Structures are given as structure tokens and as C-alpha cells.
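Bear in mind the structure is a predicted one, so any value in this text is a computation, not a measurement. Just so you know, ligand 1 is whichever comes first in the structure, and atom 1 is the first atom listed for that ligand.
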Amino acid sequence: MRNFLSVNDVESVDSIVKEALELKKDRYRFSELGRNKTLLMIFFNSSLRTRLSTQKAAMNLGMNVIVLDVNAGMWKLETERGVIMDGDKTEHLLEAIPVMGCYCDVIGVRSFARFESKEDDYNEKILNQFVKYSGKPVISMEAATRHPLQTLADLITIEEYKDKPRPKVVMSWAPHPKALPQAVPNSFVEWMNRTDYEFVITHPHGYELSEEFVGNVRIEYDQDKALEGADFVYAKNWAAYADENYGKVISKDTSWTISTEKMALTNNAYFMHCLPVRRNMIVTDDVIESERSIVIPEAANREISAQIVLKKIIENL
Ligand code: CP
């Protein structure tokens with residue numbers, strides 16, 4: 001594997017999930033593989049899980065890790081080419097990226113959608129500059145349009161908890177006070193499309209995701225109907241994607257919150273969310289604290305998803 005930016009960097013979803021589950025049985029088995037290799041993790045946005053799990057995964061492989069918060073102690077970066085840099089931005093990304101590449105063997109980048117330009121977001125303007133100018137393999141630690149490390153962890157978790165070959169998985173939009181990117185739902189849909197699970201997306205009108213990701217997945221606008229018989233409920237908020245409302249919150253309808261009543265419509269489903277989660281907006285206290293909530297094992301599997309990806313990249317260096 002050269003880069004890990006999307007499901008397209010994986011030969012087979014089924015195989016990488018199986019390999020990840022095998023790795024989980026003994027995560028320290030390859031502790032010499034990353035000796036004298038350095039992972040540089042660059043954060044343009046905040047993180048708890050990605051930061052800790054990816055660092056831990058690299059340490060399991062014997063790698064050195066450098067973490068850089070772009071917004072803390074670093075020169076303020078200009079990202080637009082052609083700008084006369086007479087303002088407060090001291091360094092251009094076009095020098096910063098190759099400099100960062102000098103000090104590491106693999107670069108992880110977290111750079112969310114900015115919702116300033118749909119074109120820039122969906123062309124992955126920041127992430128692709130790292131791919132182009134760093135000279136090093138790049139791992140997406142959540143970019144503008146995708147969060148593949150999260151989705152791989154989600155699929156590992158579903159595989160661990162499913163009790164039938166073809167479970168019904170429902171991804172449900174849920175309300176949130178602020179505009180959130182579509183990266184997690186896009187990725188989840190993109191990867192689910194490479195499994196043979198039964199998969200349904202439910203959201204209010206106006207929250208349609210990009211057709212590039214959704215393809216032929218069933219969309220059910222009636223959340224109650226979608227939840228019927230579900231084995232897994234994957235809750236997530238996202239902002240509108242359509243041009244006229246791109247990046248906007250167009251509904252905070254709390255009738256979409258995943259509650260005990262909603263979960264009662266399912267086949268005693270497991271509740272999943274990538275976290276962080278707004279309680280009693282996305283999901284009620286009762287549901288997230290219930291025995292069927294698997295948000296913590298899901299987060300724990302972030303270490304495994306990052307480790308299998310790093311292992312494959314190191315093996316290809
Ligand atoms: N799920 C996830 O990526 O969490 P963080 O934003 O805390 O890294």
C-alpha cells in the first residue's frame with residue numbers, strides 16, 4: 001500500500017478486515033517492523049481518538065512518532081498559491097509540506113472540510129498537496145470528504161459483533177447544533193458498498209449525500225421504517241451537501257435522535273457512533289449507556305485499523 005486515502009487504496013475490504021482481526025490477536029507481533037521509521041502526524045483540526053490510536057498503533061510496530069498541531073506553536077500557514085504574503089501568514093504550505101517530508105517516512109494528515117468552497121473540499125485540496133509534495137506515503141486521519149481509518153474500525157467492529165452472515169446495517173442522520181462534514185458518512189457508505197451487508201441510509205429530505213458515494217444504496221426517508229429489523233444502527237450527523245445549502249444545518253429535528261423507542265424498532269440492534277457524540281442530540285443517555293452500545297469497542301478498534309494500515313505501508317517502503 002502506498003497511501004491510505006480511501007477504500008480505493010485497499011485491494012479487498014474483506015481481506016483487510018480479516019487481516020486486522022488476525023493482527024488484533026497479537027498486536028505486538030510486528031514490533032520490529034517499524035524500527036527507525038518515523039510517523040509524522042499533522043493535525044489541522046482537533047482529535048482525541050485518531051491522535052491516540054494512531055500513535056499507539058505506530059508504537060506497536062516500533063515506529064517513532066512526531067505529532068504536530070498546526071494551530072499550536074507552528075508558523076501560520078498560507079494555503080493559496082499566488083497570494084501576496086504581506087499579512088499574518090508566515091509560511092506557505094508548498095514549502096512546509098516538503099520540509100515535513102524530510103523528517104519522516106510516513107505522514108498522517110487530519111484536515112477537515114472548511115465549508116468555504118465545495119469544490120476545494122471535494123477535490124481534497126489540502127490532503128492532495130501532501131500526496132503531491134511530501135514525497136512520502138500519506139494516511140488520511142480524516143480529510144474533507146472521507147475518514148477511512150474510522151470506517152475500517154467500524155467494519156472490524158461489525159464483523160466482531162454480527163451474529164449472522166448478512167446483518168442489516170442502518171446509517172441514520174441525527175441532529176447536531178453545528179455543521180459537521182460529510183467525511184464519516186461518505187466513508188461509511190463507500191466501504192459498506194464493498195460489503196455484502198444489507199445497508200440502508202436514512203435522513204431527512206435535504207440531507208442527501210454525494211451520489212459519487214451513495215451509488216445504488218437504499219435511501220429511506222422514514223427513519224422508523226428504516227430502523228425496522230436493523231442489527232446495527234450507525235448514527236451520525238452531517239451538514240447538507242446540496243449546492244444551495246452546502247455546509248449548512250437545515251434541520252435540528254430531535255425526532256431523529258436515537259432513543260430507546262427508536263432502538264425498540266430494531267432487531268435488538270447494536271448502537272454505533274464514531275465519537276465524539278453530543279448526548280441527547282444524536283443519541284439519548286439511555287441508548288449510549290445500554291448493553292447494546294458498542295461505541296467504546298468501536299473506538300478501541302481504531303488502534304487496530306491504524307496498525308494494519310501502517311503495517312501495509314511500512315512493508316511497501
Ligand atoms: N472518531 C474520531 O475520529 O475521533 P477524533 O475526532 O477524536 O479523532
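Of all atoms in ligand 1, listed by their number and element, those nearer than 4.0 Å to a heavy atom of Leu48 are 5 (P), 7 (O), 8 (O).
Tested against Thr50 for a side chain to side chain donor-acceptor pair (under 3.5 Å), the candidates Gln55, Arg110, Glu142 yield a single pass: Arg110.
For ligand 1, one of its N or O atoms has an N or O atom of Leu275 under 3.5 Å away. In terms of polar-atom proximity, defined here as any N/O pair under 3.5 Å, His147 does make such a contact with ligand 1. Considering backbone and side-chain atoms together, Arg110 places an N or O closer than 3.5 Å to an N or O of ligand 1.
Taking the charged nitrogens against the carboxylate oxygens, Lys262 and Asp224 do have a contact shorter than 4.0 Å, which makes a salt bridge.
Of all protein heavy atoms, the one lying nearest to atom 4 (O) of ligand 1 is Arg49 NE, 2.9 Å.
Ring-plane geometry between Phe130 and Phe44 is classed as perpendicular, the angle between the planes exceeding 60 degrees on a 0 to 90 degree scale with a lower cut at 30. Relative ring orientation between Tyr221 and His205 is described as parallel, the plane-to-plane angle staying below 30° on a 0-90° scale split at 30° and 60°.
Close to ligand 1: Arg302, with a non-hydrogen atom less than 4.0 angstrom away.
Note: Phe213 and Tyr241 fail the aromatic proximity criterion, with ring centroids not under 6.0 Å apart.
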